[in-house]
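Residue numbering restarts at 1 for every chain, and letters A, B, ... go by the order of the sequence lines.
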2 protein chains.
Amino acid sequence: MNAPQMTRNQALVFDVLEKAEGPLSAYTILDKLRDQGFRAPLQVYRALEKLLEYGVVHRLESINSFVACAHPGEDCHSHGIVAFAICESCGQVIEFHDHEVDHRLMGWVRSQKFKPAKTTIEIRGTCEACAA
Amino acid sequence: MNAPQMTRNQALVFDVLEKAEGPLSAYTILDKLRDQGFRAPLQVYRALEKLLEYGVVHRLESINSFVACAHPGEDCHSHGIVAFAICESCGQVIEFHDHEVDHRLMGWVRSQKFKPAKTTIEIRGTCEACAA
DNA sequence: TCAATTGCGTTATGCTATAACGTGTGCAAT
DNA sequence: ATTGCACACGTTATAGCATAACGCAATTGA
């Protein structure tokens with residue numbers, strides 16, 4: 001799915017995520033958009049829902065946060081499974097793709113006749129810069 | 001880490017999880033233990049924290065739920081990374097391990113000098129039985 | 001024009017998780 | 001024996017994450 005026209009709210013939320021250093025929670029996004037007239041969580045969640053659909057934002061399940069896709073302009077859905085390394089110290093996220101991992105996972109899934117809809121790979125730990 | 005002696009609360013929570021068909025949320029566990037005297041979420045969360053440490057319970061990040069480890073008696077931490085296929089229709093969870101996936105992920109992590117602490121792999125979709 | 005769709009704003013609510021306090025118990029060191 | 005510590009526990013309160021349900025406005029396409 002490619003992004004059609006973003007609405008004002010979607011653009012605002014996306015902008016906040018793109019300019020952020022790392023992942024943000026929905027409520028943090030809300031706070032950053034109070035000046036633009038945001039008042040309720042739903043305004044954020046609805047925008048996020050679309051941005052996730054468009055493939056320009058990812059949800060980090062293990063930390064209940066959202067991050068802009070690292071591949072601006074492209075549709076991340078076409079890269080296969082997306083994996084994330086999340087630094088628990090500084091919050092930075094590195095996004096990466098590994099086709100061999102995809103292949104193994106999808107092979108297993110196939111052998112079980114399981115129909116995958118959404119796959120999450122998240123590695124929490126400490127990034128190089130933060131390792132003492 | 002191997003499980004030492006479980007306390008009463010830990011045993012109760014573990015028992016509920018083992019007898020369950022699929023993953024349960026902390027609050028669902030709480031409800032199931034009201035008759036045994038449970039009154040507050042913390043009683044559940046504290047027990048879960050220990051059970052996770054012991055490696056006899058897994059947390060499913062993408063659905064905020066908990067499930068008993070599929071390898072009774074063993075310490076799941078020794079199996080390498082644990083992956084889950086979660087059926088969004090019936091709720092059943094299949095736990096599996098793939099050393100090649102571990103290897104690729106850990107290889108990438110190593111190349112980034114990233115220190116992994118906890119890795120999550122969860123595939124949400126539809127199981128064979130539920131596929132129409 | 002009419003109906004369907006989509007986005008939006010608002011209020012209310014529900015679910016998930018932890019902070020902070022105090023109690024009791026077992027155990028080891030003195 | 002007493003003191004000090006670690007640990008599990010119980011309780012109350014609160015924080016953080018997410019969605020239900022309502023109604024309105026704008027757009028589109030038959």
Side-chain angles (χ1 to χ4, degrees), chain A residues 1-17 20 22-54 56-67 86 88 91 118 120 122 124, chain B residues 1-17 20 22-54 56-67 86 88 91 118 120 122 124:
Chain A
M1 160 130 22
N2 217 341
Q5 218 88 284
M6 278 191 207
T7 66
R8 169 182 156 85
N9 282 7
Q10 287 159 25
L12 284 168
V13 168
F14 182 64
D15 203 51
V16 165
L17 279 175
L24 301 178
S25 77
Y27 278 72
T28 303
I29 296 170
L30 174 57
D31 285 339
K32 287 181 183 289
L33 289 175
R34 297 237 181 242
D35 293 344
Q36 312 346 299
F38 273 49
R39 322 249 24 166
L42 233 65
Q43 295 173 284
V44 176
Y45 281 109
R46 289 205 271 232
L48 285 172
E49 187 180 7
K50 288 301 179 183
L51 296 171
L52 290 167
E53 253 181 62
Y54 302 157
V56 297
V57 161
H58 299 293
R59 177 195 190 103
L60 302 177
E61 307 279 1
S62 65
I63 57 173
N64 296 315
S65 295
F66 304 85
V67 70
I86 306 167
E88 288 174 321
K118 178 86 172 49
T120 297
E122 295 175 18
R124 284 163 333 281
Chain B
M1 160 128 26
N2 218 339
Q5 218 89 284
M6 278 191 206
T7 65
R8 168 180 156 84
N9 282 6
Q10 288 159 23
L12 284 168
V13 168
F14 182 65
D15 203 52
V16 165
L17 280 175
L24 301 178
S25 77
Y27 279 72
T28 302
I29 296 170
L30 174 57
D31 285 339
K32 287 181 183 289
L33 289 175
R34 297 237 181 241
D35 293 345
Q36 320 333 306
F38 274 49
R39 322 249 21 163
L42 231 62
Q43 295 174 283
V44 176
Y45 281 109
R46 289 205 271 232
L48 285 172
E49 187 181 6
K50 288 301 178 184
L51 295 171
L52 289 168
E53 252 181 62
Y54 303 156
V56 297
V57 162
H58 299 292
R59 177 196 191 104
L60 302 177
E61 308 279 2
S62 64
I63 57 173
N64 295 316
S65 294
F66 304 85
V67 69
I86 306 167
E88 288 174 321
K118 178 86 173 47
T120 297
E122 294 174 17
R124 283 160 339 277

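- In this structure, the CG atom of B:Leu48 is 12 Å from the P atom of D:dC9, given to the nearest Å.
- When the C1' atom of C:dA17 is taken as reference, atom CD of B:Glu61 falls 13 Å away, rounded to whole Å.
- In this structure, A:Leu12 places its CG atom 13 Å from C1' of C:dC8, rounding to the nearest Å.
- Side-chain contact check for A:Asn9 versus A:Gln36: every heavy-atom pair is 4.5 Å or farther apart.
- A salt bridge links A:Glu61 with B:Arg124: the closest approach of a Lys/Arg side-chain nitrogen to an acidic carboxylate oxygen falls below 4.0 angstrom.
- Within the 4.5 Å cutoff, no side-chain heavy atoms of A:Leu17 are placed close to those of A:Val67.
- At whole-Å resolution of the value, CG in B:Asp31 and C1' in C:dG14 are 13 Å apart.
- A:Asn9 places its CG atom 17 Å from the P atom of C:dT6, with the value rounded to the nearest Å.
- Distance CD (B:Gln10) to C1' (D:dA8): 8 Å, rounded to an integer number of Å.
- Here the side chains of B:Lys32 and B:Leu24 are in contact, with some heavy-atom distance below 4.5 Å.
- Rounded to whole Å, the distance from CD on A:Gln5 to C1' on D:dA26 is 15 Å.
- Dashed line: the shortest gap from a side-chain N or O of B:Thr7 to OP1 or OP2 of D:dC9 is under 4.0 Å.
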(Q) At under 4.0 Å between heavy atoms, how does the protein contact nucleotides 11-20 of chain D? Give one character per nucleotide, 5' to 3', with B, S or -. (A) BB----BBBB
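- Counting heavy atoms from C-beta outward, B:Phe66 and B:His58 have side chains that stay 4.5 Å or more apart.
- Using a cut-off of 4.0 Å between Lys/Arg side-chain N and Asp/Glu carboxylate O, A:Glu53 and A:Lys50 are scored as salt-bridged.
- Residue A:Leu30 contributes atom CG, which lies 12 Å from atom P of C:dT10 at whole-angstrom precision.
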